[in-house]
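Read through the structure below, which is laid out as structure tokens, and then see the notes.
All residue numbers refer to positions in the sequence shown, counting from 1.
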Amino acid sequence: MRENEEAGRAKGMSREELLGLPAAVDLETGNRALGLGRSKGYELAKRGLYPCKVLRLGNAYRVVTADLLALLGLAASSV
């Protein structure tokens, strides 16, 4: 059953999707961009070991997009 759930979701993100992200994104989006599962992403964030900068806002985690893009080797183009 879990395999069917995963088959319905898109894996990873395209370059265009990544460059179109706002200044900070939720942890689920960051996980998707990095190819991390939900549990692993939250575990890393909770331990302070997430591969890029994460902000803790109340009960929510937000991933700083500039750090995420730098980690992935993508530079946001200036307009």
Distance (rounded to the nearest 0.5 Å) between N31 CG and M13 CE: 11.5 Å

Using residues 38-49 as the side-chain source, report each donor-acceptor pair under 3.5 Å to any protein atom, sequence neighbours left out, with the distance given to one decimal.
{"from": "R38", "atom 1": "NH1", "to": "E28", "atom 2": "OE2", "distance (Å)": "2.8"}

Hey, could you give me the CZ/CG distance between R62 and L27, rounded to the nearest 0.5 Å? 10.0 Å

My understanding is that only residues two or more places apart in sequence, or in another chain, count here; which of them pass side chain to side chain donor-acceptor pair (under 3.5 Å) with T65? none

Hydrophobic cluster identity match, L19 and L71, side-chain contacts under 4.5 Å: yes

How far apart are the C-alpha atoms of L34 and L68, what are their side-chain angles, what is the distance that settles it, and do they pass the side-chain contact (heavy atoms from CB on, under 4.5 Å) test? CA-CA 8 Å; L34 295 171; L68 179 62; 3.7 Å; yes

Side-chain donor-acceptor distances from residues 51-59 under 3.5 Å, at least two apart:
{"from": "R56", "atom 1": "NE", "to": "G58", "atom 2": "O", "distance (Å)": "2.9"}
{"from": "R56", "atom 1": "NH1", "to": "Y61", "atom 2": "OH", "distance (Å)": "3.0"}

Honestly curious: do V64 and Y50 fall in one hydrophobic cluster under the side-chain, below-4.5 Å linking rule? no

Shared ILVMFWY cluster between V63 and L72, side chains joined below 4.5 angstrom? yes

